[in-house]
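A short worksheet on the structure shown next.
All heavy atoms count here, side chains included; hydrogens, waters and symmetry mates do not. Everything numeric in this text was worked out from a predicted model, so none of it was measured.
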Number of protein chains: 2
Amino acid sequence: MSNGSGDGAAVQSVDRALTILKLLARDGELGVSELAASLGVHRSTAFRLVATLESHDLVEQDSDRGRYRLGVGVVRLAGATSARLDLVRESRAVTPALARAVGETVNVAVLADREALYVDQVAGPSALQLHHWVGRRIPLHATSNGKVLLAHAPAALCEEVIAAGLPVLAVRTVTDPGRLRAELAEVRLRGYATAVDELEDGLSAVAAPVLGADGSVIASLSASGPTFRMPETAIAAVAEQIMATAREVSARMGWFGSEA
Amino acid sequence: MSNGSGDGAAVQSVDRALTILKLLARDGELGVSELAASLGVHRSTAFRLVATLESHDLVEQDSDRGRYRLGVGVVRLAGATSARLDLVRESRAVTPALARAVGETVNVAVLADREALYVDQVAGPSALQLHHWVGRRIPLHATSNGKVLLAHAPAALCEEVIAAGLPVLAVRTVTDPGRLRAELAEVRLRGYATAVDELEDGLSAVAAPVLGADGSVIASLSASGPTFRMPETAIAAVAEQIMATAREVSARMGWFGSEA
DNA sequence: CGTAGAGTTGTGCCATGAGCAACGGCTCGG
DNA sequence: CCGAGCCGTTGCTCATGGCACAACTCTACG
């Protein structure tokens, strides 16, 4: 093999393993010898490929020496991708308009472990913009999105985050537990969160919660830009726009108007 | 590498590719360099692994040189596995009792391309039983399950199957198009199908349709055994039992009683 | 414009993937 | 019951396919 430059099957053994997944999707259940015959490889090769898939829960066996079928890991992967696809697709219907209206970069974030995971971003019209954050994990205490997610998370999670420490990231990072708790209470009351020079010097953001069909907070929607473009006096007006858009996204996600 | 005998990661490159899927499930979107860093491999290695995943639609890119996320192939795999898991799980609630009651092997089959795909099997109590058929594809015209599926399939499919030829498989295989059409009409009228010495000499079967929530035929349920144990005189009684169980499975699959 | 970083491609080397052989378990037929 | 055949699994060796390096292209930023 000379590293196949065009056919897409760049790594042969990976290609074979993925072909096993397709065969099982097609046929439901197959034994090692059947897989080996379909792939045109030796039984021991098929066995090792399927064992690797099994170690990742992508296939499973009925019994110790039985036939293989697709496993729960496949459903898990799909769950991860379709829920997030839904959120990104629905929010994308309205976030470009918000980005234009407030003139800043709009982000959507979800709670993942004890961090804010950025799942979508739409740039505002300015030349001075945020770097691409999708796929990045950001500390909860230092961002507006993080504060929204934390304010609506179980109290136990909030205490875990505080117990793990609130590291300094910028000149105004909130590092005092009491102050963070007070801010989170205000977020819940007011309906939005702010972060000014807390993640990065010169970076400000405002965020509001996105609700799901059952009224629980499933994501956070923010607008962020340079602090000099988002002065104290402008925050409330921006917050109103963000909250309105967050309500629209919530409705698109199935929320019917009565907050949990 | 000496083919790692215990750690489950039998094939390293496959393990790495599957780890990429997990990373994307976790983080939503990642670039080649980020994947390479997470895996601890060179960028070119990560690129080739992700290219292989992409060739199988398991990951996709926004743009030509953009970041990767999980692709529609993942949802397809999950669709294949969860729909079939549902059918097998729901039918399994009642098929063992049927196998005991009629004393024969019970099978569940679905229509897949132009064949009957066997997705579950429960052995009857007799020593003389069928071999394991799960995962096997069987010609539609020669089995009771195939006839049920064909009788309720679009007419175009029926004609395609006939046009492709009806090969002889046993002494009584139906090979005449007119006779097959007449049998299928009778299946639709009577509510069950039979196959006697048509797939294999000495093998008989009776099958009835399983309906889904929308009243369409989603599977076929059969009992099969040696012809000497299922004489002409016993077929109607067995058919009643099979139809009753098929109605139960249908209800479990969400059918509410009014056939489409 | 130049630089840095990211994505992509070509090449050669060696470590890993593949195939062979052997073993143990299970099923079926005599 | 025994033997044969088949299947799943494991150990070993070797050669080839996977990997890293280097180079190229493209894009974004100062």
Starting the side chain at C-beta, find the nucleotide from [options] nearest to [X].
| X | options | value |
| --- | --- | --- |
| A/His42 | C/dA18, C/dG10, C/dA21 | C/dA21 |
| A/Gln12 | C/dG19, D/dG18, D/dC21 | D/dG18 |
| B/Gln61 | C/dT9, C/dG19, C/dT8 | C/dT8 |
| B/Val41 | C/dA22, D/dA20, D/dG18 | D/dA20 |

Inset, instruction - Mark yes or no for a side-chain to base donor-acceptor pair under 3.5 Å between A/Arg67 and D/dG8, with no hydrogen or angle criteria applied. - result: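 Check fails, no donor-acceptor contact within cut-off.
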Inset, instruction - Test for a donor-acceptor pair under 3.5 Å between the base of C/dG7 and the side chain of B/Arg48, counting only N and O atoms. - result: no
Inset, instruction - Scan side-chain atoms only and decide if B/Ser224 and B/Thr105 contain a donor-acceptor pair under the 3.5 Å cut-off. - result: no
Legend entry - Near-strand residues of residues 30-40 of chain A, defined as heavy-atom separation under 4.0 angstrom from DNA chain C: none
Inset, instruction - Would you mind checking if B/Arg172 and B/Glu200 are paired as a salt bridge, meaning a charged N to carboxylate O distance below 4.0 Å? - result: no
Legend entry - Carboxylate-amine/guanidinium proximity below 4.0 Å for B/Arg69 and B/Glu29: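 So B/Arg69 pairs with B/Glu29 through a salt bridge.
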Inset, instruction - Taking only the side-chain nitrogens and oxygens of A/Arg16, find out if one of them lies under 4.0 Å from OP1 or OP2 of C/dA18. - result: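 Checking C/dA18 against A/Arg16, a side-chain N or O does come within under 4.0 Å of OP1 or OP2.
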Legend entry - A/Ser13 side-chain N/O to C/dG17 phosphate OP1/OP2 under 4.0 Å: no
Legend entry - N/O donor-acceptor pair under 3.5 Å between B/Asp201 side chain and B/Val171 backbone: yes
Inset, instruction - Give a yes or no answer on whether the side chain of A/His141 reaches the backbone of A/Pro167 with a donor-acceptor pair at less than 3.5 Å. - result: yes
Legend entry - Net bend of the helix from C/dC1-D/dG30 to C/dG30-D/dC1, end axes of five pairs each, nearest 10 degrees: 40°
Rounded to whole Å, please give me the gap between [atom1] in [X] and [atom2] in [N].
| X | N | atom1 | atom2 | value |
| --- | --- | --- | --- | --- |
| B/Leu49 | D/dG18 | CG | P | 9 Å |
| B/Ile20 | D/dG18 | CD1 | P | 14 Å |
| A/Asp15 | C/dA18 | CG | P | 11 Å |
| A/Phe47 | C/dC23 | CZ | P | 18 Å |

Legend entry - Along DNA chain D (nearest heavy atom to each residue), the more 5'-positioned of A/Val50 and A/Val14: A/Val50
When rounded to the nearest 0.5 angstrom, what is the spacing between [atom1] in [X] and [atom2] in [Y]?
| X | Y | atom1 | atom2 | answer |
| --- | --- | --- | --- | --- |
| A/Thr52 | A/Phe47 | OG1 | CZ | 9.5 Å |
| B/Leu111 | B/Glu115 | CG | CD | 9.5 Å |
| B/Thr95 | B/Arg100 | OG1 | CZ | 9.5 Å |

Inset, instruction - Identify, with sequence neighbours excluded, every residue that meets side-chain hydrogen bond (donor to acceptor under 3.5 Å, both in side chains) alongside A/Glu54. - result: none
Inset, instruction - Would you classify A/Ser44 as touching base, sugar-phosphate or nothing, given that sugar-phosphate means primed atoms plus P, OP1 and OP2, and contacts are heavy atoms under 4.0 Å? - result: base
